[in-house]
Asks: 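Encoded as structure tokens, here's the structure I'll be asking about.
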Amino acid sequence: MKEKKIILTGDRPTGRLHIGHYVGSLRNRVMLQNQGDYDKMFVFIADAQALTDNMDNPEKVRQNVIEVALDYLAVGLNPNKSTLFIQSQIPELTELAFYFMNIVTVARLQRNPTVKSEIKMRGFNNEEQSNFGSGLPVGFFTYPISQAADITAFKANIVPAGEDQKPMIEQCTEIVRKFNSIYGETLVEPQIMLPGNEACMRLPGTDGKAKMSKSLNNCIYLSDSADELRKKVMSMYTDPLHLNVSDPGHIEGNTVFTYLDAFCTNEHFANYLPDYANLDELKAHYMRGGLGDVKCKKFLEKVLNETLEPIRNRRKEFESDIPSIYEIFRQGCENAREAAAQTIDEVKKAMRITYFDDKELIEEQSIKYKA
Ligand code: TRP
């Protein structure tokens, strides 16, 4: 029998989605969805997970659920092909996470690199204390466990996500193995599906900083207008040593070229910059000297706009009927709950905690008490 292919992934609703999300995972999801070579695809808005580190502003999470929902639909996730849902509406996920908590140690969570670095980034640590000093919410600390529940509740075996999610998938795999070794083969081991190249893996911000992030104000959003896109591209970080057009330029760390790596195809050259056959030729010219940043930026703007324009337009259409978006997600939640409930059933059977249906247990104990 061919193994079932179940795809699952999600995003925290802390802001609109940007082109880093797009090349890191969204593009893969839509491609997988449209290839149709899978049994089921689940895509969800991880609002409960977002709350684990946004308790200073839970309203932000609440407001951004619709933004992510609109971005999902705008990029082409299709509710007729994929189950689109909201994490908090699936109580089975919390239930499963609670059982998983017993098979993960505190020490293992402390070693999870994502947890470790996010704690650092968010300033929970101070110099006197360990990373897990005062102020760290238990929910945040344990979110890798909750994420394992997200994945396993749907028996997902493919998780399209960025490199930063690798430690989460590894931890999930360990949980699956541990659970199965205690209770028998029940859960499915997931595999991460990473984007195709380095540039897509970690798209830097427009300022050249390591990561696109709202707080750094260096994002190009999927919903940016053509005008905003142009302005952002034109002010992008390039090569600080490339002062005159005639100077030899550097590609390494040059954000314009990183974005081109992530987005452009030979077709784009044929359409917008026919003097070059491909990106290698453009790079070679830039490194030789004699190619200006503005020309490269104008090309990049066209390349990006070719992808973003249809997304922007579809978003506008969906924005015109917000109640119908919530309806789509309500339906998705119902379908998702059914799938998760099925797994929870199997989990409880494996754990032998289905007391009321356990005739053997009831029989055995009534005999014990008759004796
Ligand atoms: N951790 C992911 C993020 O930060 C969101 C997420 C939650 C997720 N559960 C998941 C991703 C399960 C993949 C699979 O965006």
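When a ligand or atom number is given, it counts from 1 through the structure's own listing order. Residue numbers run from 1 in the order of the sequence given.
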Asks: Where the side chain of S213 meets the backbone of L216, is there a donor-acceptor pair that is under 3.5 Å apart?
Replies: yes
Asks: Anything with a heavy atom under 4.0 Å from ligand 1 counts, so go ahead and list those protein residues by chain and number.
Replies: L8, T9, G10, D11, R12, F44, A46, Q49, Q147, D150, I151, V159, Q165
Asks: Judged by atom type as modelled, is there a donor-acceptor pair below 3.5 Å linking the side chain of N180 to the main-chain atoms of T186?
Replies: yes
Asks: Would a line drawn from the ring center of Y183 to the ring center of F179 be shorter than 6.0 Å?
Replies: yes
Asks: Donor-acceptor check, side chain of T52 to backbone of F140, threshold 3.5 angstrom: yes or no?
Replies: no
Asks: Please report the C-alpha distance between K232 and L229 in whole Å, then the side-chain angles of each, then the deciding distance to 0.1 Å, and finally whether the side chain to side chain contact (heavy atoms under 4.5 Å, CB included) criterion is met.
Replies: CA-CA 5 Å; K232 286 183 180 177; L229 175 65; 5.7 Å; no
Asks: According to the interplanar angle, ranging from 0 to 90°, do the rings of F85 and F154 count as parallel (below 30°), tilted (30 to 60°) or perpendicular (above 60°)?
Replies: tilted
